[in-house]
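One structure is given below, encoded as structure tokens.
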Amino acid sequence: MQYPPVLEPSKVGTYPALAKAGGGFVWDAVLEYRVWCHTERGAPDDEDGSDYYYAFASYEDADAFSRTNDGTEEPLVLVLQRKYIEESIPGQYVHVQEQRITEWPVAFLSRPQRDATTIPEFFASNTPANRLEILRGLALRKSRDT
């Protein structure tokens, strides 16, 4: 997989450690790649016993760090969602039109980046029975069929 570049490399490492976790189904931009470190797993105790992370401007750098340091997790990605889809109740989707930052497994970046038609097509009346296939890039989208 080709991992997207970060939106603003000069801001990597300046985002809050606490972020939403997962969810939202769509992404607008990558803010940074993170590798969390855990002293109980063998990472150096650099934060008085607390977990901590290193931020990277590329997945490749984050992955290399993760593979060569004890006590680390696999890289995660911090994404910006300008609009997103909430599913608080299974199968019930809500279009949320507010910005948030969330931390995702990098595998979620295999989903197509949100564009102007992603969310409207997801909620359209003629959406495929498994509407999540639109977000996974598996369903043909109306705007791309013609």
Side-chain angles (χ1 to χ4, degrees), residues 1-38 40-41 43 46-47 50-146:
M1 177 178 164
Q2 186 78 355
Y3 295 96
V6 298
L7 180 64
E8 295 183 59
S10 65
K11 289 191 173 183
V12 169
T14 67
Y15 300 101
L18 295 178
K20 302 287 183 184
F25 291 108
V26 296
W27 61 279
D28 289 292
V30 170
L31 301 176
E32 65 188 20
Y33 294 92
R34 292 178 167 184
V35 175
W36 282 91
C37 303
H38 305 277
E40 72 277 6
R41 296 183 192 167
D46 293 344
E47 295 293 326
S50 295
D51 296 341
Y52 57 96
Y53 69 93
Y54 288 96
F56 299 88
S58 76
Y59 170 79
E60 293 77 14
D61 290 344
D63 187 51
F65 180 85
S66 171
R67 291 176 186 274
T68 57
N69 287 277
D70 292 334
T72 60
E73 294 182 5
E74 291 184 13
L76 296 170
V77 62
L78 192 69
V79 297
L80 172 65
Q81 296 173 315
R82 291 185 178 101
K83 300 176 183 180
Y84 57 95
I85 301 166
E86 185 175 288
E87 185 187 18
S88 298
I89 300 169
Q92 293 186 12
Y93 304 101
V94 177
H95 182 189
V96 180
Q97 297 188 56
E98 63 183 45
Q99 183 171 294
R100 74 175 183 170
I101 294 174
T102 189
E103 200 175 63
W104 277 7
V106 293
F108 287 7
L109 293 175
S110 64
R111 300 173 181 168
Q113 188 173 12
R114 185 184 69 82
D115 63 26
T117 63
T118 306
I119 294 175
E121 287 182 4
F122 181 85
F123 285 104
S125 60
N126 61 346
T127 298
N130 185 356
R131 65 183 60 232
L132 292 175
E133 289 185 2
I134 291 172
L135 304 179
R136 295 179 183 131
L138 301 174
L140 292 177
R141 295 172 55 189
K142 295 178 293 191
S143 61
R144 304 231 166 86
D145 292 345
T146 55

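Scope of the values below: all heavy atoms of this structure, side chains included, with no hydrogens, waters or symmetry mates.
When the side chain to side chain donor-acceptor pair (under 3.5 Å) test is applied to Glu60, no partner is found at least two apart in sequence or on another chain. With sequence neighbours excluded, no residue satisfies side-chain contact (heavy atoms from CB on, under 4.5 Å) with Gln2. In this view, Arg131 satisfies the side chain to side chain donor-acceptor pair (under 3.5 Å) rule with no residue, not counting sequence neighbours. Under the ring-ring contact (aromatic ring centres under 6.0 Å, His included) criterion, Tyr15 pairs with no residue, sequence neighbours left out.
Every pair tested for ring pair (Phe, Tyr, Trp, His ring centres under 6.0 Å) that includes a residue from residues 67-91 fails, sequence neighbours excluded, so the list is empty.
The line from CD1 of Ile85 to CZ of Phe122 is 4.5 Å long, rounded to the nearest 0.5 Å.
Under the 4.5 Å side-chain criterion, counting only non-hydrogen atoms from C-beta, Tyr33 is in contact with Leu109. Side chains of Lys83 and His95 form a contact here, defined as non-hydrogen atoms less than 4.5 Å apart. Counting heavy atoms from C-beta on, the side chains of Trp104 and Leu76 never come closer than 4.5 Å. Side-chain atoms of Tyr53 and Cys37, non-hydrogen and from C-beta on, never get closer than 4.5 Å to each other. Side-chain contact between Leu80 and Gln99 is present, with at least one heavy-atom pair separated by less than 4.5 Å.
Side-chain atoms of Asp115 and Thr118 form a donor-acceptor pair, as typed in the model, at a separation below 3.5 Å. If you check the side chains of Ser88 and Glu86, you find a donor sitting under 3.5 Å from an acceptor. Under the 3.5 Å distance criterion, with hydrogens and angles disregarded, a donor-acceptor pair is assigned to the side chains of Ser58 and Asp61. Remark: the Trp36 side chain and the Glu103 side chain contain an N/O donor-acceptor pair separated by less than 3.5 Å.
Checking side-chain atoms of Ser66 against main-chain N and O of Ala62 turns up no donor-acceptor pair under 3.5 Å. Between the side chain of Glu8 and the backbone N or O of Val12, no donor-acceptor pair lies under 3.5 Å.
Listed here is the closest heavy atom pair of Val106 and Met1: O-CE, 4.3 Å. The shortest non-hydrogen separation linking Ala19 to Ile101 is CB-O, 3.9 Å. Taking both residues in full, the closest heavy atoms of Glu73 and Val35 are given as O-CG1, 3.5 Å, listed atom of the first, atom of the second, then distance.
For an aromatic pair to be called close, the ring centres must be under 6.0 Å apart, and Tyr54 with Phe65 satisfies this.
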Per-pair distances, 0.1 Å, donor-acceptor, side chain in residues 22-32, under 3.5 Å, sequence neighbours excluded:
residue, atom, partner, partner atom, Å
Trp27, NE1, Arg111, O, 2.9
Asp28, OD1, Arg114, NE, 2.8
Asp28, OD1, Arg114, NH2, 2.8
Asp28, OD2, Arg82, N, 2.5
Asp28, OD2, Arg114, NE, 3.4
Glu32, OE1, Gly13, N, 2.7
Glu32, OE2, Arg34, NE, 2.7
Glu32, OE2, Arg34, NH2, 3.1

